[in-house]
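Note sheet for the following structure.
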Amino acid sequence: MDYLKSLNEPQYEGVVNTDGPTMIIAGAGSGKTRVLTFRIAYLIEKKGVDPFNILALTFTNKAAKEMRDRIEKVVGTEARNLWMGTFHSVFARILRAEADKLGYPSNFTIYDADDSKQLIKTIVKELNLDDKVYKPNVVFNRISGAKNRLISWKEYLRNPVYKADDESNMKPELGRIYKIYSERCFKAGAMDFDDLLFNTNVLFKDHLDVLNKYQQRFHYVMVDEFQDTNISQYLITKKLSAVRQNICVVGDDAQSIYAFRGADIQNILNFEKDYSDLRVIKLEQNYRSTKTIVNAANSIIDKNRAQLKKNVWTDNEDGTLIELLKATSDNEEGKLVASSIFEEKMQNQLKNSDFAILYRTNSQSRAMEEALRRMNIKYKIVGGLSFYQRKEIKDLMAYLRFAINHNDEQSLRRIINYPKRGIGDSSVDKIIVAANDHNMGLWDVLNNISSFLPGRAANAVIDFVALIKRFKYDIESKDAYEAASLIAKGSGILKELYADKTVEGLSRYENVQELLNAVKEYVDDPEKEDKSLGAFLQEIALITGVDNDKDDDEEKVTLMTIHMAKGLEFKNVYIVGLEEDLFPSQMMLSSRADLEEERRLFYVAITRAENKLFMSYALSRYRFGRLKNCEPSRFIDEIDPMFIKVSKKYTKKEPTVDTNNYTKSFVSGMRKTTTSQPVVRKTSYKPSADFEPSDTSGLQAGMKVEHPKFGYGMVMEMDESGANRKAKVNFNDFGEKTLLLSFAKLKIHSN
DNA sequence: GACTCCGATCTTTTT
DNA sequence: GATCGGAGTC
């Protein structure tokens with residue numbers, strides 16, 4: 001139990017008081033994860049609790065994995081039997097086991113947000129409603145909000161408050177859309193993200209025997225990031241722990257940043273009311289950051305009115321002042337940040353992985369990436385458009401999904417005529433309408449297609465059905481990897497992509513291969529119990545941006561949104577784009593509560609930094625494809641000025657609308673790439689206007705060079721064998737490609 | 001049914 | 001800047 005000695009007083013309390021309801025309010029950097037991991041280790045080691053009886057819920061798979069690894073270090077491989085995962089993955093697992101009780105097939109599909117919005121779009125169209133009034137996003141958010149507050153479509157239609165509300169918003173049909181949407185999902189054997197929680201609640205409410213079973217199983221329930229739970233999640237955990245009352249929630253109201261998704265800060269405030277014998281522990285000592293950073297963060301969060309009383313302090317050194325960088329344009333901001341990283345690295349012997357650049361919106365990454373590439377600083381982007389959102393990946397996934405669940409409407413729409421097989425939109429519509437009118441399953445309609453479609457189209461459908469049956473057979477008789485490969489081939493996707501010889505087509509082909517590799521990896525992973533294709537698909541459906549950074553150990557600067565950064569820490573942090581309307585976002589400024597959420601977001605960003613914090617803003621920025629002038633964010637003024645110094649490196653010229661369209665030409669090079677994977681961006685490099693090959697007589701290995709097409713690279717070795725002198729040059733912009741190039745096109749950049 | 005072209009629309013964060 | 005859908009054509 002040596003690890004107990006390393007804890008401070010409140011941390012120790014949090015670890016050893018394992019029984020009864022407990023709430024741990026953990027300030028930023030106060031060792032929250034340590035307490036949680038030690039608490040679980042303590043339960044297993046000291047109390048002799050079987051890991052099988054412990055349930056720990058997190059928000060990201062990454063957090064779950066990290067915690068499991070840390071516990072494993074203390075207690076050994078026993079930790080593998082813990083029930084630990086995200087809310088969505090744990091309850092998806094339970095729902096699969098109990099699906100029949102709700103009338104769902106156990107191989108139900110999980111709809112992602114795209115699937116949901118697509119379905120809403122079709123429904124709005126079918127109802128002949130105006131899609132400008134019933135925008136998929138708006139409708140989806142409304143339905144999602146209802147589900148997160150456990151309001152079923154029946155309740156929604158019944159309750160006059162919602163009706164009046166919708167009517168005053170000129171959207172009286174929302175209840176009807178909600179109803180049809182729910183019915184269609186049910187018919188398709190599909191649940192969306194919110195359903196995973198909503199249906200768990202239904203399951204526990206209507207089937208007390210099931211609830212009882214899980215109440216008996218989970219002797220101890222723990223919830224991480226409690227401030228980000230919504231009502232639906234809160235009720236599940238409350239029910240599960242109702243018998244033994246061993247519930248422990250850990251959170252920080254100051255870091256609640258998901259109210260937009262239904263997270264309810266009231267959960268924290270109400271927790272005391274729900275449990276009269278609640279033990280509250282406050283972790284207030286920050287071990288992560290310098291005094292400057294802690295105090296600056298405090299000066300920000302003090303502006304919020306809705307918060308619990310808490311005094312976050314630190315014993316660490318004062319540290320340096322926060323440096324404020326001022327740029328004229330977003331590109332310039334990138335350059336300032338990149339060169340600042342370069343300098344800091346040199347001066348303080350830091351590694352790339354000691355740095356993070358945090359921004360409010362994903363689109364801000366572009367200017368940063370460009371600048372970092374130009375300075376040859378390696379970086380990785382966390383989140384953004386993920387691999388699994390790419391079209392070619394979704395296409396193959398739709399085949400896999402449909403081969404498992406033949407009623408999955410959204411997957412069917414994706415694949416029935418891709419690759420082209422002569423089944424057009426009107427045929428597809430007829431199929432769906434037939435299924436709804438005759439109250440048949442989609443698969444039944446497809447199997448009796450000749451009663452619904454004329455000959456030519458019907459024949460195409462018959463071939464398609466045969467294809468799917470073959471795939472189903474493959475899945476049942478082969479392992480997941482072989483089956484997926486056969487489907488990729490048999491569907492014609494591989495052939496279709498292989499025929500496309502453009503750079504983008506090639507990369508799409510490679511991506512499909514990459515997905516197959518992922519299946520192979522999954523099959524070969526000894527830690528996975530269920531190796532079926534269905535299990536793989538479920539894992540993929542619930543994966544998040546932060547989870548799939550394979551090259552974690554590589555020396556790279558991390559770029560991500562502030563939302564993704566929650567729970568992480570870095571030596572040096574750059575918060576960029578501190579401009580009014582961007583951060584705080586103009587979409588959040590309609591109410592005071594929203595501004596407070598933005599402020600908490602800013603607080604989260606600041607408290608990621610251990611040693612040194614930089615902030616920057618630009619006076620002009622590309623937005624909506626146009627260059628706009630910007631003003632510094634109000635948040636800068638809210639920090640006590642004694643913590644800030646303005647960098648001298650800011651550019652002196654007055655901001656003007658930047659006509660340099662470097663960004664434009666850079667982007668046009670990749671216009672046809674519908675999928676932008678940020679890490680390895682395969683695009684032609686736009687040289688500086690004044691690019692000219694330089695005298696390369698003195699070229700040697702180790703020198704940096706510039707090439708008009710490939711950008712900056714490092715000379716690896718010289719090749720004097722041929723008639724022309726050539727050099728092997730490594731371009732990390734091109735995914736670490738090494739190319740043999742003639743001297744004639746190279747410009748020596750530096751050595 | 002397939003294809004092409006044009007214009008409207010939307011750009012906050014994510015399980 | 002990118003995507004989606006509609007209109008028009010073959």
Side-chain angles (χ1 to χ4, degrees), chain A residues 57-64 85-92 110-114 116-118 121 125 131-132 135-138 140-141 144 147-148 191-197 225 228-230 232-233 256-263 358-364 366 382-386 389 391 417-428 454 456-457 460 541-547 560-566 577 581-589 594 597-598 600-601 604-605 622-626 661 663-676:
Chain A
L57 297 164
T58 61
F59 267 78
T60 61
N61 295 302
K62 190 184 184 186
T86 63
F87 274 93
H88 291 84
S89 68
V90 166
F91 296 115
I110 297 173
Y111 275 176
D112 66 16
D114 280 346
S116 300
K117 284 174 197 167
Q118 209 61 48
K121 225 185 230 175
K125 212 168 163 186
D131 60 358
K132 302 219 167 50
K135 293 181 187 164
N137 250 324
V138 175
F140 177 70
N141 286 336
S144 170
K147 281 188 192 160
N148 285 331
M191 297 193 197
D192 65 20
F193 288 140
D194 302 314
D195 286 332
L196 294 174
L197 306 172
E225 307 282 11
D228 289 328
T229 50
N230 56 39
S232 180
Q233 290 163 320
S256 161
I257 55 177
Y258 283 107
F260 74 93
R261 205 171 72 195
L358 308 181
Y359 36 78
R360 180 71 231 280
T361 69
N362 278 307
S363 58
Q364 287 169 257
R366 194 170 278 164
V382 179
L385 182 63
S386 89
Q389 285 170 289
K391 182 186 173 302
N417 201 32
Y418 177 82
K420 301 250 177 317
R421 46 174 73 88
I423 309 171
D425 289 346
S426 62
S427 297
V428 177
R456 196 160 44 103
L542 298 174
I543 219 160
T544 65
V546 256
D547 300 329
M560 61 184 148
T561 63
I562 300 167
H563 283 87
M564 297 292 250
K566 190 165 59 110
D581 289 351
L582 181 61
F583 192 18
S585 156
Q586 86 268 26
M587 312 201 67
M588 290 291 263
L589 291 178
D594 288 341
E597 177 150 320
E598 291 287 289
R600 290 193 294 270
L601 197 55
V604 169
Y622 275 100
R623 289 178 88 187
F624 327 111
R626 298 221 153 266
N661 59 358
T663 302
K664 234 177 177 174
S665 49
F666 169 76
V667 169
S668 69
M670 48 179 293
R671 172 166 294 151
K672 286 200 180 121
T673 321
T674 48
T675 52
S676 58

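Chain identifiers are assigned alphabetically (A, B, ...) following the order of the sequence lines, protein sequences preceding nucleic acid strands; residue numbering begins at 1 within each chain.
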Return whichever of L197(A) or S585(A) has its heavy-atom-nearest nucleotide of DNA chain B closer to the 5' end.
S585(A)

For R421(A) and for H563(A), locate the closest nucleotide of DNA chain B by heavy-atom distance; then report the residue assigned to the nucleotide nearer the 5' terminus.
R421(A)

In whole angstrom, what separates [X]'s [atom1] from [N]'s [atom2]?
{"X": "K147(A)", "N": "dT15(B)", "atom1": "NZ", "atom2": "P", "answer": "18 Å"}
{"X": "K135(A)", "N": "dC10(B)", "atom1": "NZ", "atom2": "P", "answer": "4 Å"}
{"X": "K117(A)", "N": "dT15(B)", "atom1": "NZ", "atom2": "P", "answer": "13 Å"}
{"X": "L196(A)", "N": "dT14(B)", "atom1": "CG", "atom2": "P", "answer": "19 Å"}
{"X": "N61(A)", "N": "dT14(B)", "atom1": "CG", "atom2": "C1'", "answer": "13 Å"}
{"X": "Q586(A)", "N": "dC10(B)", "atom1": "CD", "atom2": "P", "answer": "13 Å"}
{"X": "M191(A)", "N": "dT15(B)", "atom1": "CE", "atom2": "P", "answer": "20 Å"}
{"X": "F59(A)", "N": "dT15(B)", "atom1": "CZ", "atom2": "P", "answer": "10 Å"}

Relative to the ring of F59(A), is the ring of Y258(A) parallel (under 30°), tilted (30 to 60°) or perpendicular (over 60°)?
parallel

OP1 or OP2 of [N] under 4.0 Å from side-chain N/O of [X]:
{"X": "N230(A)", "N": "dT15(B)", "result": "no"}
{"X": "T561(A)", "N": "dT12(B)", "result": "no"}
{"X": "K391(A)", "N": "dT3(C)", "result": "no"}
{"X": "N362(A)", "N": "dT12(B)", "result": "no"}
{"X": "K132(A)", "N": "dA8(B)", "result": "no"}

Just to be sure I understand the rule, does [X] reach a base, reach only the sugar-phosphate, or reach nothing, if contact means heavy atoms closer than 4.0 Å?
{"X": "S426(A)", "value": "sugar-phosphate"}
{"X": "D194(A)", "value": "nothing"}
{"X": "S363(A)", "value": "nothing"}
{"X": "F87(A)", "value": "nothing"}
{"X": "K121(A)", "value": "sugar-phosphate"}
{"X": "N137(A)", "value": "sugar-phosphate"}
{"X": "K566(A)", "value": "nothing"}

With a 3.5 Å cut-off and no angle check, do the side chains of N148(A) and S232(A) form a donor-acceptor pair?
no

Quick one: do F260(A) and H563(A) satisfy ring-ring contact (aromatic ring centres under 6.0 Å, His included)? Show the steps, please.
CA-CA 12 Å; F260(A) 74 93; H563(A) 283 87; 5.8 Å; yes

Could you please name the option among [options] that lies closest to any side-chain atom of [X]?
{"X": "T361(A)", "options": "dT12(B), dT15(B), dT14(B)", "answer": "dT12(B)"}
{"X": "K125(A)", "options": "dA2(B), dG6(C), dT15(B)", "answer": "dG6(C)"}
{"X": "R360(A)", "options": "dT15(B), dT12(B), dG1(B)", "answer": "dT12(B)"}

Just checking, K121(A) and F140(A): is the charged tip under 6.0 Å from the six-membered ring centre and within 45° of the axis?
no

Is the aromatic ring centre of F260(A) closer than 5.5 Å to the centre of the six-membered base ring of dT13(B), with the two planes inclined by less than 30°?
yes

Given the options K566(A), E598(A), E225(A), I257(A) meets side chain to side chain contact (heavy atoms under 4.5 Å, CB included) only with K566(A)

Kindly indicate whether the side chain of T86(A), heavy atoms from C-beta on, has any atom under 4.5 Å from the side chain of F91(A).
no

